[in-house]
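Remarks on the structure that follows.
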Amino acid sequence: MIIILKQEAPEQKVRALIEEVQGLGMSVNYSAGAEATILGLIGDTSRVDEDKLRANEVVADVRRITEPYKKANRRFHPLDTHVAVAGRTIGEGFFHVMAGPCSVESEAQLCTVAESVKKSGATFLRGGAFKPRTSPYSFQGLEESGLDLLREARRLTGLPIVTEIMGEEQIPEFEDVDILQVGARNMQNFRLLKALGRTKKPVLLKRGLSATIEEWLMSAEYILAGGNENVILCERGIRTFETMIRNNLDISAIPLLKRQSHLPVIVDPSHAAGTAWMVEPLARAAIAAGADGLIVEVHNNPKAALCDGAQSLNPEQFDALMGEVRRRAAFEGKQMQ
């Protein structure tokens, strides 16, 4: 349920209304927008008397919300969320490119790629220190030493780092990571999501392999409900009956998310199709659909990559992609920081 307040409602009377609602066992989300100020009621609203609320002199309207996600809902939070990370802003009006190898393999590999993607215009360095893999025999990442290499690459280039966290027990170890990525396999790891909700760290939440948009937003709700508002959604493609591509990139999810939620949306064209030649057309489509950024896999020698080489761009391909990204982002009125 949301309560829409009248313009220029006296602060004292608004505060009294909030206390009245809280007395019914509700928690209240206060959101002041450009055109309206909204009180979002979270809890069992069956006991709330709508007519009594409407009779309050500071209330313009009362509406019930049927969607199970509340804090992630744009009707609770009309203004777009902007996530501040290391002097950069992720959200509507801005555009960022997170680039780097699928997995951190060595210092030479990571630093070479980091310097290359920075030169091409990437604004974040992505790389997997811990790699969840379908097969237990596949390369699982360098783990703690991979994190150390990411920190060193950040020191050399100044690029904030994005890397995947696997479990709640790792949170202290990831304290100085700029953005914590929750991978598709962990989208419904609710213990991890709850723990991340108790931090203030920016979280890049990837869509699950076959998750609906509502399920995805409910996972975001876990983090938001814990008090962490720094959530970024990442569309990376979903599993369908199609076998000619790795995953189907759901372009329709981007405008739908922008309508339903206030959270920034990043698109992963690398994991979507699983082939390097499709990254650029999918990136173009994502920008046109309203995405706030891309996360792209780049490797200095994709043929020798220990993980996902087929979908990784080499530095020259990434440089060409960035030229196209800059043109299209500017056309869409988005600022690249």
Side-chain angles (χ1 to χ4, degrees), residues 81 83-90 96-107 109-111 113-114 117-118 122-133 139-208 216 219-234 236 263-264 266 268 271 293 295-297 306-308:
T81 285
V83 178
V85 187
R88 295 158 170 80
T89 303
I90 299 175
H96 289 277
V97 178
M98 305 168 181
C102 174
S103 62
V104 177
E105 299 171 5
S106 69
E107 182 176 4
Q109 170 246 17
L110 181 62
C111 291
V113 174
V117 298
K118 180 183 180 181
T123 48
F124 288 85
L125 174 65
R126 60 78 46 87
F130 296 82
K131 291 301 300 179
R133 305 296 297 277
F139 177 61
Q140 305 287 314
L142 297 180
E143 301 184 339
E144 289 83 0
S145 59
L147 280 180
D148 291 336
L149 293 178
L150 283 166
R151 296 182 185 104
E152 176 62 14
R154 178 178 58 191
R155 187 189 68 80
L156 290 173
T157 64
L159 291 177
I161 54 177
V162 184
T163 193
E164 184 168 353
I165 187 168
M166 303 287 288
E168 60 178 317
E169 73 282 353
Q170 292 181 316
I171 289 177
E173 191 177 352
F174 280 65
E175 182 61 34
D176 63 345
V177 170
D178 299 290
I179 298 179
L180 306 182
Q181 176 183 308
V182 175
R185 292 173 177 85
N186 268 325
M187 188 205 83
Q188 290 184 313
N189 181 343
F190 298 120
R191 286 182 63 90
L192 174 59
L193 299 178
K194 287 180 179 180
L196 292 174
R198 295 190 290 270
T199 76
K200 298 300 179 184
K201 299 290 293 184
V203 177
L204 182 70
L205 179 63
K206 285 200 164 187
R207 185 178 183 178
W216 185 15
S219 290
E221 191 80 6
Y222 268 90
I223 303 172
L224 295 166
N228 185 358
E229 299 180 352
N230 298 307
V231 179
I232 306 157
L233 302 172
C234 181
R236 45 80 71 197
L263 299 173
I266 301 292
D268 181 348
H271 273 94
I295 181 166
V296 179
E297 292 189 0
L306 298 179
C307 176
D308 288 345

| task | May I ask you to decide if Leu205's main-chain N or O and Trp216's side chain share a donor-acceptor pair within less than 3.5 Å? | result | yes

Spacing of [X] atom [atom1] and [Y] atom [atom2] [to the nearest 0.5 Å]:
{"X": "Ile179", "Y": "Leu204", "atom1": "CD1", "atom2": "CG", "result": "6.5 Å"}
{"X": "Phe174", "Y": "Ile161", "atom1": "CZ", "atom2": "CD1", "result": "9.0 Å"}
{"X": "Cys102", "Y": "Glu164", "atom1": "SG", "atom2": "CD", "result": "9.0 Å"}
{"X": "Leu110", "Y": "Thr157", "atom1": "CG", "atom2": "OG1", "result": "8.5 Å"}
{"X": "Asn228", "Y": "Leu180", "atom1": "CG", "atom2": "CG", "result": "9.0 Å"}
{"X": "Leu196", "Y": "Lys194", "atom1": "CG", "atom2": "NZ", "result": "12.5 Å"}

Considering all heavy atoms of both residues, which atom of [X] and which atom of [Y] are nearest to each other, and what is their separation?
{"X": "Gln109", "Y": "Pro101", "result": "NE2-CB, 3.3 Å"}
{"X": "Thr89", "Y": "His96", "result": "O-NE2, 2.8 Å"}
{"X": "Lys200", "Y": "Gly227", "result": "NZ-O, 2.7 Å"}
{"X": "Gln188", "Y": "Ser219", "result": "CG-OG, 3.9 Å"}
{"X": "Val85", "Y": "Pro202", "result": "CG2-CG, 3.8 Å"}
{"X": "Glu173", "Y": "Glu144", "result": "OE2-CG, 2.7 Å"}

| message | Using the rule given for side-chain contact (heavy atoms from CB on, under 4.5 Å), can you reason through Glu175 versus Thr199, listing the C-alpha separation, both sets of side-chain angles and the distance that settles it, and then say yes or no? | response | CA-CA 10 Å; Glu175 182 61 34; Thr199 76; over 6 Å; no

| query | If you count the non-hydrogen atoms of other residues, nucleotides and ligands that lie under 6.0 Å from CD in Glu229, is the total more than 12? | reply | no

| message | Can you confirm whether Arg191 is buried at CZ, in the sense that more than 12 heavy atoms of other residues, nucleotides or ligands lie under 6.0 Å from that atom? | response |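 Check fails, neighbour count at 12 or below.
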
| Single hit among Asp148, Leu150, Leu306 for side chain to side chain contact (heavy atoms under 4.5 Å, CB included) with Val104 |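 Only one of Asp148, Leu150, Leu306 forms a side chain to side chain contact (heavy atoms under 4.5 Å, CB included) with Val104, namely Leu150.
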
| query | Could Arg154 and Asp178 be called an ion pair, given the rule that one side-chain N must be under 4.0 Å from one carboxylate O? | reply |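 Salt bridge: yes.
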
| field | Asp308/Lys131 ion pair, N-O < 4.0 Å | value |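 No salt bridge links Asp308 with Lys131.
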
Flag the pair [X] / [Y] as yes when at least one side-chain heavy-atom distance between them is below 4.5 Å, and no otherwise.
{"X": "Thr81", "Y": "Pro264", "answer": "yes"}
{"X": "Asn230", "Y": "Val203", "answer": "no"}
{"X": "Leu159", "Y": "Thr123", "answer": "no"}
{"X": "Met98", "Y": "Leu125", "answer": "no"}
{"X": "Glu297", "Y": "Arg126", "answer": "yes"}

| Run the side-chain contact (heavy atoms from CB on, under 4.5 Å) check on Ile171 and Ile165 step by step: do they pass? | CA-CA 8 Å; Ile171 289 177; Ile165 187 168; 3.8 Å; yes

| query | Stepwise, does the side-chain contact (heavy atoms from CB on, under 4.5 Å) test hold for Asn186 with Leu193? | reply | CA-CA 9 Å; Asn186 268 325; Leu193 299 178; over 6 Å; no

| task | Could you walk me through whether Leu142 and Phe130 pass the side-chain contact (heavy atoms from CB on, under 4.5 Å) test, one step at a time? | result | CA-CA 7 Å; Leu142 297 180; Phe130 296 82; over 6 Å; no

